Number of protein chains: 2
Amino acid sequence: MIRNSIQVLHAQGYKVTRPRLQVVEILGKAQKPVSPYEIQKMLKQQGRYLNHVTIYRVLELLCHLNLAHKLPSEKGFIKCILGNREGCHRFMICHKCGAIQEYADDKLCRNEKEIAGEIGFHTQYHVSESYGLCSSCYKGELAGNV
Amino acid sequence: MIRNSIQVLHAQGYKVTRPRLQVVEILGKAQKPVSPYEIQKMLKQQGRYLNHVTIYRVLELLCHLNLAHKLPSEKGFIKCILGNREGCHRFMICHKCGAIQEYADDKLCRNEKEIAGEIGFHTQYHVSESYGLCSSCYKGELAGNV
DNA sequence: TATCTAAACGCAATAGTATTGCATTTAGAT
DNA sequence: ATCTAAATGCAATACTATTGCGTTTAGATA
Ligand SMILES: [Mn+2]
Ligand SMILES: [Mn+2]
Ligand SMILES: [Zn+2]
Ligand SMILES: [Zn+2]
C-alpha cells in the first residue's frame with residue numbers, strides 16, 4: 001500500500017510528503033470509508049496532527065491517482081485495492097458492519113453502456129454501489145432469526 | 001406530479017401541507033438535482049419562505065415515499081419519474097448540462113446480484129449513476145471539435 | 001361549522017463539513 | 001549546500017446538517 005503509493009506519487013511527479021503518507025497509512029488500515037475529519041481524529045489519537053485542509057487536498061490527489069475512491073453515499077474515502085484495471089471500480093457495502101468489497105466487472109459496464117446508448121447517452125464512467133449484507137453478517141442474521 | 005404526490009401523501013397517512021407541496025413543485029420544475037438550500041433560494045425568488053429544517057424534513061419524507069431520490073454524488077435531490085416500479089432506480093447524468101435521465105433495468109440488477117452472490121454478498125438495493133454526455137451535449141461536442 | 005389533537009412547522013442554537021487566500025515550510029532537483 | 005516550485009498550515013469564511021422546543025395547523029370528529 002505505502003510502497004505502491006510512493007511509487008505512483010513519484011512516477012506522476014508528485015512529492016512524497018509526510019502528510020500524504022500518513023493519510024495513505026490511515027486509509028490502508030481502515031476497514032470502512034473514512035471522512036477527512038475522521039482521518040484527522042485518527043491521526044490525533046496517534047499524537048499526530050494534520051490540518052483538515054491538507055487532508056482534503058491529499059484525498060483529492062489520491063483519488064485523482066486512483067489510489068483511493070470517494071464514496072459519496074457513505075460520505076467517506078476508501079483505498080483502492082484494484083489498481084489501474086480497466087473499467088470502473090464498484091463497491092459492495094455491508095450496511096451492518098460497514099465492510100466494503102471493491103470489484104470491477106466489464107460485462108456490467110458494457111450492459112450499462114448499452115442501455116444508455118439506446119437513448120443516445122454516452123457514458124464515460126459509472127458509480128455503482130450495492131448495499132446489503134456481507135457473508136458473515138448474513139450468517140449472523142440467520143442465526144439471530146432462529 | 002403534484003396530483004400524484006397528494007395522493008401518495010394521503011394514502012400513506014401523511015398530511016398534505018403547503019411546505020410539502022411547494023417542495024414538490026420545485027422538484028417538478030427542476031431539470032437537475034437541487035439541494036435543500038437551493039430549494040430555499042428558489043422559493044425565495046418566488047417571494048415564499050420555508051425554513052431549511054422544514055425542507056430537509058420534507059425531502060426526507062419524499063424520498064421515503066419514493067417520490068424523490070437523493071443523488072449523493074450530486075449532493076442534491078430529484079423527483080422520481082418512475083413510480084413504484086420494481087427494482088432499483090438508476091440515473092444517467094450529463095456532466096455538461098446536468099440533465100438527469102432516470103431508468104430501471106431488472107437485468108442489470110440480476111447481474112449485479114449474481115456477481116455479489118458469488119462472493120457471498122446479499123444485495124438489498126443498488127445505487128447506480130452513469131456519468132457522461134446526453135445526446136444533445138454529445139452532438140454539441142462533435143460540432144465543436146470540427 | 002366548531003372543536004380537538006397529533007402531526008408538522010418555525011425558530012434558535014449548535015455542530016459538522018468544505019473552500020479560499022496567503023504566508024511559511026519543504027521535497028527533491030541541481 | 002543552495003534553490004525553487006510545490007505543498008502545508010493558518011485564519012477566515014461559507015455552506016450544510018441536526019436537535020430541542022414552543023407554536024401552528026391539517027384533517028378527523030362531533
Ligand atoms: Mn479502485
Ligand atoms: Mn425513482
Ligand atoms: Zn457485514
Ligand atoms: Zn447534456
Side-chain angles (χ1 to χ4, degrees), chain A residues 2-3 5-26 32-44 46-65 67-78, chain B residues 2-3 5-27 30 32-44 46-65 67-78:
Chain A
I2 295 278
R3 293 182 77 87
S5 300
I6 291 175
Q7 267 194 343
V8 173
L9 286 170
H10 225 107
Q12 302 292 329
Y14 294 99
K15 292 184 180 178
V16 177
T17 68
R18 200 172 52 181
R20 284 171 181 171
L21 294 182
Q22 287 179 346
V23 172
V24 166
E25 194 188 334
I26 293 288
K32 58 187 195 68
V34 283
S35 74
Y37 283 96
E38 282 173 341
I39 291 173
Q40 193 178 41
K41 281 174 199 160
M42 294 165 85
L43 285 170
K44 204 170 191 176
Q46 303 176 1
R48 301 176 181 187
Y49 171 79
L50 285 184
N51 188 279
H52 73 272
V53 181
T54 300
I55 299 174
Y56 275 92
R57 297 196 270 227
V58 168
L59 288 169
E60 186 181 26
L61 177 61
L62 294 180
C63 287
H64 174 68
L65 296 174
L67 292 171
H69 297 291
K70 185 176 190 174
L71 291 194
S73 65
E74 296 294 289
K75 298 186 179 181
F77 294 82
I78 191 170
Chain B
I2 294 277
R3 293 182 77 86
S5 301
I6 291 176
Q7 267 195 343
V8 173
L9 285 171
H10 227 106
Q12 302 293 329
Y14 294 98
K15 292 183 179 177
V16 177
T17 67
R18 198 172 56 183
R20 284 172 181 169
L21 294 181
Q22 286 179 346
V23 171
V24 166
E25 194 188 333
I26 292 289
L27 287 180
K32 59 186 193 68
V34 283
S35 73
Y37 284 96
E38 282 173 341
I39 291 173
Q40 194 178 41
K41 281 175 198 156
M42 294 164 86
L43 285 170
K44 203 169 191 174
Q46 301 177 4
R48 302 176 180 187
Y49 171 79
L50 285 185
N51 187 279
H52 72 272
V53 181
T54 300
I55 299 174
Y56 276 91
R57 297 195 269 227
V58 168
L59 289 170
E60 187 181 22
L61 177 63
L62 295 180
C63 287
H64 174 68
L65 296 174
L67 293 171
H69 297 291
K70 184 175 190 175
L71 291 194
S73 66
E74 296 294 290
K75 297 185 179 182
F77 295 80
I78 189 170

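Letters go in sequence order (proteins before strands), and every chain restarts at 1. All values derive from a computational prediction rather than experimental measurement.
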Which of the following nucleotides, dG20(D), dT20(C), dA13(C), is nearest to the side chain of Arg57(A)?
dT20(C)
Distance check needed: dC21(D) P versus Asn51(B) CG, whole Å only.
17 Å
Nearest listed nucleotide, side chain of Tyr56(B), among dG9(D), dG10(C), dT18(D)
dT18(D)
What are the two closest non-hydrogen atoms of Cys63(B) and Lys70(B), and how far apart are they?
SG-N, 3.8 Å
Would you list the protein and nucleotides 26-29 of chain D atom pairs, both N or O, that sit under 3.5 Å from each other?
| unit_1 | atom_1 | unit_2 | atom_2 | d |
| --- | --- | --- | --- | --- |
| dA26(D) | N3 | Lys15(B) | NZ | 3.1 |
| dG27(D) | OP1 | Val16(B) | N | 2.6 |

Spacing between Gln40(A) atom CD and dG16(C) atom P, to the nearest angstrom
12 Å
Spacing between Gln22(A) atom CD and dA7(D) atom C1', to the nearest angstrom
14 Å
For Glu60(B) and dC9(C), give me the distance from atom CD to atom P, rounded to whole Å.
12 Å
Round to the nearest Å and state the distance from His64(B) atom NE2 to dA8(C) atom P.
11 Å
For His52(A) against Gln40(A), the heavy-atom pair lying closest together
N-NE2, 3.3 Å
Do you know the tightest heavy-atom contact between Leu27(B) and Phe77(B)?
CD2-O, 3.7 Å
Separation of Leu50(B) atom CG from dT24(D) atom P, in whole Å?
17 Å
Between dA8(C) (P) and Gln12(B) (CD): distance, integer Å
12 Å
Compare every heavy atom of Arg20(B) with every heavy atom of Lys15(B), then report the nearest pair and how far apart it is.
O-NH1, 2.7 Å
Ignoring hydrogens and angles, are the base of dT8(D) and the side chain of His52(A) linked by a donor-acceptor pair under 3.5 Å?
no
Opposite nucleotide pairing with dA14(D), Watson-Crick or G-U, both atom distances under 3.5 Å:
dT17(C)
Is a donor-acceptor contact shorter than 3.5 angstrom present between the side chain of Tyr37(A) and the base of dA15(C)?
no
Nearest heavy-atom contact between Thr54(B) and Pro19(B) is CG2-CB, 3.8 Å
Going by the angle between their ring planes, with limits at 30° and 60°, are Tyr37(B) and Tyr56(B) parallel, tilted or perpendicular?
perpendicular
For Val53(A) and for Glu38(A), locate the closest nucleotide of DNA chain C by heavy-atom distance; then report the residue assigned to the nucleotide nearer the 5' terminus.
Glu38(A)
Separation of dC9(C) P from Ile55(B) CD1 (nearest whole Å):
11 Å
Any Tyr49(A) side-chain nitrogen or oxygen under 4.0 Å from OP1 or OP2 of dC10(D):
yes
Which heavy atom of Glu38(B) sits nearest a heavy atom of Pro33(B), and at what distance?
OE1-O, 3.9 Å
